[in-house]
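Note on naming: letters A, B, ... go to the chains in the order of the sequence lines (proteins, then strands), and numbering restarts at 1 for each one.
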Amino acid sequence: MSVDLEPVINSLKNKFSQSILDIKEYRGETTLLVSKEQISRICAYLKNDLNFTFLADLTAVDYLEVKSPRYEVVYHIHRFGPECEENTRIRLKTELSEEDIEIDSVTPVWSGADWLEREVYDMFGIEFIGHPDLRRILMPEDFEPFPLRKDFDVRNREASKRSFEKALEEGGD
Amino acid sequence: MERVEFISEDSSVIHEDGTRTETMMLNMGPQHPATHGVLRIVLHLDGEMVVKAVPHIGYLHRGIEKLCEHITYQQCLPYTDRMDYIASICNNIGYILAVEKLLGIEKEIPERAKTTEVILFELGRIESHLVGIGTNALDLGAMSAFLYCFKERERIYDILETICGARLTTSYPRVGGLPLDLPENFEGMVRNFLKIFPTTLSEVDNLLTRNKIWIERTKGVAVISAEDAIDLGLTGPALRGSGVPYDVRKATPYLGYENYDFEVPVANEGDAYSRYLCRMEEMRQSLSIIEQAINNLPDGPYIADLPDIVLPEKELTYTKMESLIRHFVIVYEGFKPPVGEVQHAVENPKGELSYYLISDGSGKPYRMRVRGPSFVNMQALSKMVEGSLVADVIAAIGSLDIVLGEIDR
């Protein structure tokens with residue numbers, strides 16, 4: 001990371017002083033913890049004003065019994081430099097509590113977030129408000145539990161069995 | 001992309017002369033030879049024109065991210081083979097680099113290991129592009145290019161087999177370097193490949209690049225603009241084919257890629273032909289990288305001297321008590337990276353592959369997230385094919401060069 005992230009962080013701090021909750025630096029990577037109400041506005045600002053045009057990744061983490069709030073949604077956002085070598089990447093995080101697992105979708109900012117958000121919904125059950133087509137993507141559509149949650153019981157085959165039997169009954173798809 | 005599963009009642013259109021037409025739904029896949037695996041695309045057709053294309057994925061989902069939460073860092077390595085199995089060595093190296101970054105031991109890795117990994121990574125890229133171009137051409141009816149490509153791919157498999165015993169699922173490097181020193185004939189095999197491969201490459205080039213049928217089937221087909229490509233998060237040849245010169249090897253170099261002299265090929269049209277041209281040129285650049293690397297392959301240690309992370313030599317495990325204990329601890333508990341999180345991206349043949357690892361201080365990853373290039377690139381398909389012919393869907397899938405093992409994980 002050859003370009004310093006400091007101007008970016010300062011500019012974000014000026015614009016969203018209340019919403020930047022924490023800044024961390026680890027192994028050369030910068031992580032900002034931001035409040036979830038502002039996430040789509042921060043992303044839009046990063047994209048339109050600071051030129052972070054590329055959403056590299058979007059995922060979530062479940063911290064069951066490790067910390068509260070329980071979920072984190074993680075965004076990796078990338079800025080292409082004028083030269084190939086001058087590229088910058090920033091990590092945004094938002095926290096979601098167990099009771100209120102809804103967050104604004106960033107699909108209006110990057111249409112590439114579509115499938116990534118669907119995968120997070122599929123695996124964690126996090127609802128993205130404003131997503132055009134929020135449904136399961138990797139698991140069967142009538143599968144009930146959310147597999148990447150830490151309290152998902154990997155040995156319990158009931159959910160897969162039910163969805164398989166239903167498919168057999170329907171005879172197709 | 002809306003949810004459209006069946007022909008809806010209102011799909012019928014009544015034309016001025018009173019005739020009524022409706023769109024037809026066609027399932028392409030999940031069992032279809034040209035979808036490169038178990039991909040199902042629900043096509044809505046108006047005659048031969050695609051009105052809407054909705055990809056359905058997940059048929060090959062094995063829950064690799066969940067599995068990896070229950071095993072040690074070393075044990076995750078074989079799972080990474082099973083994602084992009086066309087270039088499994090690249091996935092392996094990407095994962096190893098992410099763990100090394102999490103441990104903070106990048107500086108300890110010996111040069112010999114790094115240079116070897118560069119050679120293998122580029123061999124993996126050539127291997128993947130050969131399959132990508134070969135199958136794309138095969139889908140469009142050019143059988144002979146496929147055979148030329150697969151003949152050379154065998155040679156790469158032979159090299160991989162010599163160093164690690166496996167051809168497809170390599171699971172080769174280890175955290176800290178290489179598990180064994182390179183075999184004596186490795187250098188000779190690579191040099192032999194460097195000598196033979198340009199001939200085959202130019203043969204494929206002669207078969208396709210100026211072939212009228214190939215050009216007509218790919219030029220102006222499955223077009224995606226640079227803005228759309230960035231917006232959709234495309235990477236690899238799919239992005240560079242649209243004129244965006246983003247390559248992780250140049251953007252955030254790893255394995256010492258900054259020391260190699262190579263170009264990032266870019267084409268501007270954004271169609272299937274541009275992506276093909278990018279792949280062809282990338283193979284030439286990879287050859288040049290391999291040549292630079294093999295000429296500078298240093299002698300010396302092949303694995304880092306890190307007793308807490310690297311397994312002791314087998315002979316010492318059998319003869320020395322301390323080594324046996326160390327071996328047990330590393331195998332049973334795993335090495336324990338400090339609490340923290342890293343994301344490491346590598347330029348896989350198909351695009352940016354990144355691993356996002358979170359450590360809670362134990363021997364198992366708290367979370368391992370894989371951002372596979374094919375998964376994100378696949379999103380572009382609907383945009384590429386809507387409004388084109390059914391036959392172009394095949395060209396689009398081939399030119400995106402997806403692999404379902406990585407999409408579904």
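- Among the candidates Lys101(B), Lys383(B), His70(B), the residue making the largest number of heavy-atom pairs closer than 4.5 Å to chain A is Lys101(B).
- The backbone N or O of Asp62(A) sits less than 3.5 Å from a side-chain atom of Tyr366(B), completing a donor-acceptor pair.
- Both the backbone and the side chain of Ala56(A) have a heavy atom closer than 4.5 Å to some heavy atom of chain B.
- Crowding of Gln18(A) atom CD: a count of heavy atoms from other residues, nucleotides or ligands under 6.0 Å not exceeding 12.
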Residues Glu352(B), Arg89(A); criterion salt bridge (charged side-chain N to carboxylate O under 4.0 Å, His left out); working and verdict: CA-CA 13 Å; Glu352(B) 178 186 318; Arg89(A) 188 164 286 194; 2.9 Å; yes
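- For NZ of Lys150(A), the number of neighbouring non-hydrogen atoms (other residues, nucleotides, ligands) closer than 6.0 Å is greater than 12.
- Interface remark: Arg136(A) contributes no atoms to any contact with chain B (heavy atom separation under 4.5 Å).
- Neither the backbone nor the side chain of Glu106(B) comes within contact range of chain A, judged by heavy atoms closer than 4.5 Å.
- For chain B, the option among Phe80(A), Phe152(A), Trp110(A) with the highest count of heavy-atom pairs below 4.5 Å is Phe80(A).
- Around atom NZ of Lys67(A), more than 12 heavy atoms belonging to other residues, nucleotides or ligands sit under 6.0 Å away.
- The shortest side-chain heavy-atom distance between Pro55(B) and Trp115(A) falls under the 4.5 Å cut-off.
- Looking at Val109(A), the atoms closer than 4.5 Å to chain B (heavy atoms on both sides) all sit in the backbone: N, CA, C or O.
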Evaluation steps, salt bridge (charged side-chain N to carboxylate O under 4.0 Å, His left out), between Glu119(A) and Arg371(B): CA-CA 11 Å; Glu119(A) 194 190 346; Arg371(B) 185 256 195 227; over 6 Å; no
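- Other residues, nucleotides and ligands contribute over 12 non-hydrogen atoms within 6.0 Å of the CD atom of Glu258(B).
- Looking at Glu65(B), its side chain never comes within 3.5 Å of a backbone N or O of Leu148(A) through a donor-acceptor pair.
- Pro338(B) approaches Tyr26(A) most closely through the heavy-atom pair CG-OH, 3.6 Å.
- Both the backbone and the side chain of Val342(B) come within less than 4.5 Å of a heavy atom in chain A.
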Arg367(B) vs Glu72(A), salt bridge (charged side-chain N to carboxylate O under 4.0 Å, His left out): CA-CA, chis, key distance, verdict: CA-CA 12 Å; Arg367(B) 171 99 169 90; Glu72(A) 267 181 7; over 6 Å; no
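- In this structure, the portion of Val339(B) lying under 4.5 Å from any heavy atom of chain A is its backbone and not its side chain.
- Side chains of Ile137(A) and Phe375(B) form a contact here, defined as non-hydrogen atoms less than 4.5 Å apart.
- When heavy atoms are compared at a cutoff of 4.5 Å, Leu67(B) does not approach chain A at all.
- Side-chain contact between Asp57(A) and Tyr355(B): absent, with no pair of heavy atoms (C-beta onward) separated by less than 4.5 Å.
- Crowding of Lys66(B) atom NZ: a count of heavy atoms from other residues, nucleotides or ligands under 6.0 Å exceeding 12.
- Using modelled atom types, no side-chain atom of Gln343(B) and backbone atom of His76(A) make a donor-acceptor pair closer than 3.5 Å.
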Working for side-chain contact (heavy atoms from CB on, under 4.5 Å), residues Val66(A) and Asp360(B): CA-CA 10 Å; Val66(A) 175; Asp360(B) 59 350; over 6 Å; no
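- Counting heavy-atom pairs closer than 4.5 Å to chain B, the top residue among Leu58(A), Leu55(A), Val61(A), Thr53(A) is Val61(A).
- Put simply, the side chain of Arg27(A) gets close to the backbone of Leu102(B): a donor and an acceptor are under 3.5 Å apart.
- Just one of Thr235(B), Val244(B), Asp231(B) meets the side chain to side chain contact (heavy atoms under 4.5 Å, CB included) condition when paired with Phe54(A); it is Thr235(B).
- Residues Glu341(B) and Lys93(A) form a side-chain contact, since some pair of their non-hydrogen atoms from C-beta on lies under 4.5 Å apart.
- For a residue to count as touching a neighbouring chain, one of its non-hydrogen atoms must lie under 4.5 Å from one of that chain's; by this rule Ala345(B) touches chain A with the side chain only.
- With respect to chain A, the highest number of heavy-atom pairs below 4.5 Å among Arg409(B), Arg369(B), Glu69(B) belongs to Arg369(B).
- For the pair Lys250(B)/Asn87(A), no side-chain contact is recorded, criterion being any heavy-atom separation below 4.5 Å from C-beta on.
- We find the CG-CE distance between Asp408(B) and Met139(A) to be 11.0 Å, quoted to the nearest 0.5 Å.
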